[in-house]
Amino acid sequence: MPSPIGEAARRRTFAIISHPDAGKTTLTEKFLLYGGALSAEAGAVKAREGRRSATSDWMALEQQRGISITSTVLQFPYRDHVVNLLDTPGHRDFSEDTYRVLAAADAAVMVLDAAKGIEPQTLKLFEVCRARNLPLLSFINKWDRPGREHLELLDEIEKQIGLVCAPVCWPVGIAGDFRGVIDRRNGDYIRFTRTARGATVAAEELVPADRAAVEEGAVWDDAHAELDFVNGVMPEFDRDEFLSGSQTPVFFGSALTNFGVRLLLDAVIDYVPSPPPRIDVEGTERPLDAAMSGFVFKVQANMNPAHRDRIAFIRVCSGMFERGMVLTHGRTGKPFATKYAHTVFGQERATVEEAFPGDVVGLVNATDVCVGDTLYFEDPVEFPKLPSFAPEYFAVARVRDTGRFKQFRKAINQLDEEGVVQVLRDADLGDQAPVLAAVGPMQFDVAQWRLEHEFGAPTELRRTTYKLARRTDAASAPVLRAMRGVDVLAKSDGTLLALFESPYWLDRVQADQPELLLERLIAEG
Ligand code: G4P
């Protein structure tokens with residue numbers, strides 16, 4: 001029988017984060033190509049289907065907006081390893097979703113468009129990685145076409161995200177005239193040969209320095225002059241610094257032409273840590289070879305109108321998962337049968353027979369299961385809940401047709417459990433007019449769309465004037481409620497949130513009545 005420790009050692013589980021259009025889908029396809037999992041064409045078709053098909057109601061919304069909300073998890077072999085690639089939504093409004101996916105990843109690849117660098121809407125996603133000290137690799141994409149100066153891009157990463165850049169390879173040729181890269185670790189020059197739109201693995205030629213100097217001419221000299229400068233001001237790659245989340249190895253490439261993709265994928269294998277034992281709520285490590293356990297980082301319902309079901313994505317933390325085993329759902333203590341265990345790639349599902357630490361399994365029929373829940377086999381364990389984000393947008397939801405109230409109530413609970421929006425309730429108004437709270441306004445669009453199209457409960461959302469939230473307690477709540485410009489609402493897990501209209505007002509309340517509990521939530525914008 002395979003050992004969970006040995007299998008975990010072969011796993012690399014990471015996510016790709018990027019601004020929409022920076023090239024995440026293209027890079028994903030190319031990883032699959034290098035993993036031998038798909039031909040380039042099949043890859044293109046599949047990834048597009050996964051992202052753009054309109055076979056489910058809310059995928060139509062994704063298509064309309066050009067955003068990705070649904071998740072994809074891919075597994076492919078590479079160099080005797082098993083790579084798990086987790087997809088993340090590429091928009092800051094879904095930062096909380098990204099954060100949850102990142103909780104299931106051991107590292108992330110940040111893809112930047114060479115012509116754009118760090119885009120303001122995406123900054124928050126990168127900050128989320130920093131907040132978790134998640135090891136981050138940077139890939140500066142689209143070097144095959146005109147873009148910005150490399151040093152300027154590195155400077156931006158350092159200044160805006162606060163990461164120290166350690167370029168691993170250095171491009172020969174400016175953006176738009178990309179010849180190859182110098183591997184800074186050993187001085188090798190790797191020259192790329194263009195293939196038709198990157199349909200096959202890019203041909204790479206290792207060229208000795210003296211020949212390169214003659215053949216590449218001035219761009220070779222320029223690259224070396226730049227490298228001399230870089231060597232003086234930027235450190236070499238240091239794995240410990242990378243693992244602690246303070247340094248990012250930087251790669252230049254072009255996902256479209258496959259340039260630099262192999263170097264990046266090799267770095268994923270060589271640098272990203274294999275899944276470590278997960279720490280439980282007591283602060284104790286769950287050994288990798290303990291009985292099977294995992295936690296839910298994503299719940300997705302009604303992905304496909306043909307089967308209106310609910311899938312919980314779990315990251316396996318210990319032991320070996322075998323399809324059919326009966327797990328315990330930690331929060332309710334109920335048994336959870338795993339007859340239907342899948343990987344999900346866009347609309348496609350494939351049955352998973354077994355999985356190991358670092359792998360992701362989609363469990364169908366996950367009624368009652370919420371994001372953050374633990375599932376285990378025999379030996380109980382509870383992993384820490386995933387922290388929720390500080391919402392910054394609030395809207396009162398009311399069903400338009402009271403005859404649809406039952407559907408409305410069911411839908412609101414479902415959206416809450418999936419974490420599409422946070423749902424807050426007023427003790428007096430209860431389920432009639434819950435307050436939906438979001439990190440970004442596009443979450444409201446998704447909620448409203450799904451309420452109407454999926455649950456048949458067209459809903460009016462009226463934005464409130466509240467702008468920030470603090471965690472409070474039962475002792476402080478009545479005092480706060482009595483104040484002007486403050487409201488206290490409850491989340492479904494009982495957490496009380498005090499909502500304020502302005503930071504100024506919050507500061508005053510805190511200054512005047514320091515005894516009130518007003519605790520910050522994570523990732524405030
Ligand atoms: P995303 O998932 O991050 O949103 O980005 P995606 O991969 O879909 O890429 C967005 C666009 O950028 C695509 O063009 C894609 O072909 C292009 N692209 C990705 N990587 C590179 C690269 O390295 N160099 C160049 N020049 N372009 C790149 P599109 O026109 O929107 O789509 P398509 O018609 O090519 O499919």
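In the model, E418 has a side-chain atom that pairs as donor or acceptor with a side-chain atom of Q414 under 3.5 Å. Of the N and O atoms on the side chains of E216 and Y189, at least one donor lies less than 3.5 Å from an acceptor on the other residue. For the 3.5 Å distance criterion, the side chains of T257 and S254 qualify, holding a donor opposite an acceptor. Side-chain contact annotation: Y271 with D266, donor-acceptor N/O pair under 3.5 Å absent.
Remark: side-chain polar atoms of N141 are paired, donor with acceptor, to backbone N or O of A255 under 3.5 angstrom. Not a single donor-acceptor pair under 3.5 Å links the side chain of E241 to the backbone N or O of D238. E158 places a side-chain N or O within donor-acceptor distance of the main-chain N or O of C165, the cut-off being under 3.5 Å. With hydrogens and angles disregarded, a donor-acceptor distance shorter than 3.5 Å links the side chain of R12 to the backbone of I269. Counting only distance, with no hydrogens or angles, the side chain of R10 and the backbone of S274 share no donor-acceptor pair below 3.5 Å. The backbone N or O of F383 sits less than 3.5 Å from a side-chain atom of T374, completing a donor-acceptor pair.
Using cut-offs of 30° and 60° on the angle between ring planes, the pair F313 and F297 is tilted.
Contact record, P275 with A8: CD-O, 3.1 Å, taken as the closest heavy-atom pair. Closest approach of L263 to F251, counting heavy atoms only: O-CE2, 3.8 Å.
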K298/I311 under side chain to side chain contact (heavy atoms under 4.5 Å, CB included): CA gap, chis, key distance, verdict: CA-CA 8 Å; K298 170 112 194 148; I311 299 189; over 6 Å; no

I would like to know whether D270 and R185 meet salt bridge (Lys or Arg N to Asp or Glu O under 4.0 Å); could you show each step before the answer? CA-CA 13 Å; D270 296 334; R185 295 164 297 191; 5.4 Å; no

Kindly determine whether E119 and L123 satisfy side chain to side chain contact (heavy atoms under 4.5 Å, CB included), including the steps that lead there. CA-CA 6 Å; E119 297 170 68; L123 183 59; over 6 Å; no

Stepwise ring-ring contact (aromatic ring centres under 6.0 Å, His included) check, Y78 with Y34: CA-CA 8 Å; Y78 185 69; Y34 277 73; 7.3 Å; no

What verdict does the side chain to side chain contact (heavy atoms under 4.5 Å, CB included) test give for M442 and V446, after you've listed the backbone C-alpha separation in whole Å, the side-chain angles of each residue and the deciding distance to 0.1 Å? CA-CA 6 Å; M442 226 188 260; V446 175; 5.7 Å; no

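Between E29 and K24 there is no salt bridge, since no side-chain nitrogen of the basic residue lies less than 4.0 Å from a carboxylate oxygen of the acidic one. Using a cutoff of 4.0 Å between basic side-chain nitrogens and carboxylate oxygens, D144 and K142 are not scored as salt-bridged.
At most 12 heavy atoms of other shown residues, nucleotides or ligands fall within 6.0 angstrom of atom CD in E236. By the 6.0 Å contact criterion, CG on D80 is open, its count of non-hydrogen atoms from other residues, nucleotides or ligands being 12 or less.
Side-chain atoms of S246 and L163, non-hydrogen and from C-beta on, never get closer than 4.5 Å to each other. Residues D87 and I16 have side chains not in contact (no heavy-atom distance under 4.5 Å, counting atoms from C-beta outward). Two residues are said to be in side-chain contact when any heavy atoms from C-beta on lie closer than 4.5 Å; R184 and L227 meet this criterion.
One finds the CG atom of D113 at 9.5 Å from the CZ atom of R148 (value rounded to the nearest 0.5 Å). Atom CE in M110 sits 5.0 Å away from atom CG in L136 (nearest 0.5 Å).
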Determine all donor-acceptor pairs shorter than 3.5 Å in which one atom belongs to a side chain in residues 354-364; sequence neighbours excluded.
from, atom 1, to, atom 2, distance (Å)
D359, OD1, R11, NE, 2.8
D359, OD1, Q75, NE2, 3.2
D359, OD1, N84, ND2, 2.8
D359, OD2, R11, NE, 3.3
D359, OD2, R11, NH2, 3.0
D359, OD2, F356, N, 2.9

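With ring centers used as reference points, H150 lies under 6.0 Å from W170.
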